[in-house]
There are 2 protein chains.
Amino acid sequence: MRSSIEEAPDHCAIEFAMEMLGGRWKLAILKQLVAGTHRFGELRRALPGITQRMLTRQLRELEADGLVTRTVYREVPPRVEYALTDVGHSLESITHELDKWGRWYRETVRREAPSGPCPPA
Amino acid sequence: MRSSIEEAPDHCAIEFAMEMLGGRWKLAILKQLVAGTHRFGELRRALPGITQRMLTRQLRELEADGLVTRTVYREVPPRVEYALTDVGHSLESITHELDKWGRWYRETVRREAPSGPCPPA
DNA sequence: CAGGATCCATTACGATACTG
DNA sequence: CAGTATCGTAATGGATCCTG
């Protein structure tokens, strides 16, 4: 997800977007930050299943792309806060829509899936 | 992108969605199909950079998830047409928004990037 | 607390060649 | 035309241990 389309023509801006936002965690992290500033540990707890390694990496990429800010407070137990930039906020409705769609699909579509493993017990 | 969250609680439906839609090509393919039915070769030409191998795989996964239909016409030069299901169509606005965002980001944000290679000469 | 370093497994992606 | 088969690279994801 970090290859180099870079200079693709006008077609498939969505492909460009997915290069930046694709992957398992990016949009989930963004969605958390839409709700407000989070510390590293808060994000970790909010995203069960992610390892700190991945969380760190994804946050650095989001920071490099100008979607989140990283603020370090040099205190005795160190504190680092992550927040959305204006650009990051521009994805707010998309993350919301995707979340809504995911919930709808999981609760509605999967039930009536062909050979779905959820017969009405 | 095909692991097993499956039974995640109510948090992070977006993560579930990205498991299904993440990756470089899925949403780009869906976006093409929003415009109407496409043959395999048409999709391939519409998505420069994709290999037939990837296109085949992604289409099969989309089909398995109930987002697209695959219709085979047993003719002399074989013909296969792909189209969106109703569920696939439910992603129409999201693909549109993401495409719009990608275009906006590429044309607006990247220019004024921090330490960007484009100082106002 | 927030991470970096290291090692390892799995998956995504891609180039090329071949086929009904 | 619309694939399948084979092979290789790179990215992703994770476990564990270490540090300012």
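Note that these values count all heavy atoms, side chains included, but never hydrogens, waters or copies made by symmetry. Chain A is the first sequence line, chain B the second, and so forth, proteins listed ahead of strands; every chain is numbered from 1.
- B/Arg44 places its CZ atom 12 Å from the P atom of C/dA15, with the value rounded to the nearest Å.
- Using a 4.5 Å cut-off on side-chain heavy atoms (C-beta onward), B/Leu84 and B/Thr37 make no contact.
- Annotation: side chain of B/Glu61 is not in contact with side chain of B/Glu63 (no heavy-atom distance under 4.5 Å).
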Practice task
Using the side chain to side chain contact (heavy atoms under 4.5 Å, CB included) rule, take B/Asp65 and A/Val109 through it: C-alpha gap first, then chi angles, then the decisive distance, then the call.
Solution key: CA-CA 9 Å; B/Asp65 286 331; A/Val109 182; over 6 Å; no

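- What separates CD of B/Glu15 from C1' of D/dG13 is a distance of 12 Å, to the nearest Å.
- Near-neighbour residues of DNA chain C inside residues 50-60 of chain A, defined by a heavy atom below 4.0 Å, number-ordered: A/Gln52, A/Arg53, A/Thr56, A/Arg60.
- In this structure the side chain of B/Val80 never reaches within 4.5 angstrom of the side chain of B/Tyr73, judged on heavy atoms.
- Between A/Ile29 atom CD1 and D/dT12 atom P there is a gap of 12 Å when expressed in whole angstrom units.
- For the pair B/Phe40 CZ and D/dC1 P, the interatomic distance rounds to 11 Å; values are reported in whole Å.
- By the 4.5 Å heavy-atom criterion applied to side chains, B/Ile29 and B/Leu62 are counted as neighbours.
- Using a 4.0 Å heavy-atom cutoff across all strands shown, A/Tyr73 reaches no nucleic acid atom at all.
- When distances run from any side-chain atom of A/Trp25 to the nucleotides D/dA2, D/dG14, C/dG3, the shortest one goes to D/dG14.
- Taking the side chain as every heavy atom from C-beta outward, A/Leu91 and A/Leu21 approach each other to under 4.5 Å.
- The CG atom of A/Leu21 sits 13 Å away from the P atom of D/dT12 (whole-angstrom rounding).
- Nearest to the side chain of B/Pro77, among C/dG3, D/dC1, D/dA2, sits D/dC1.
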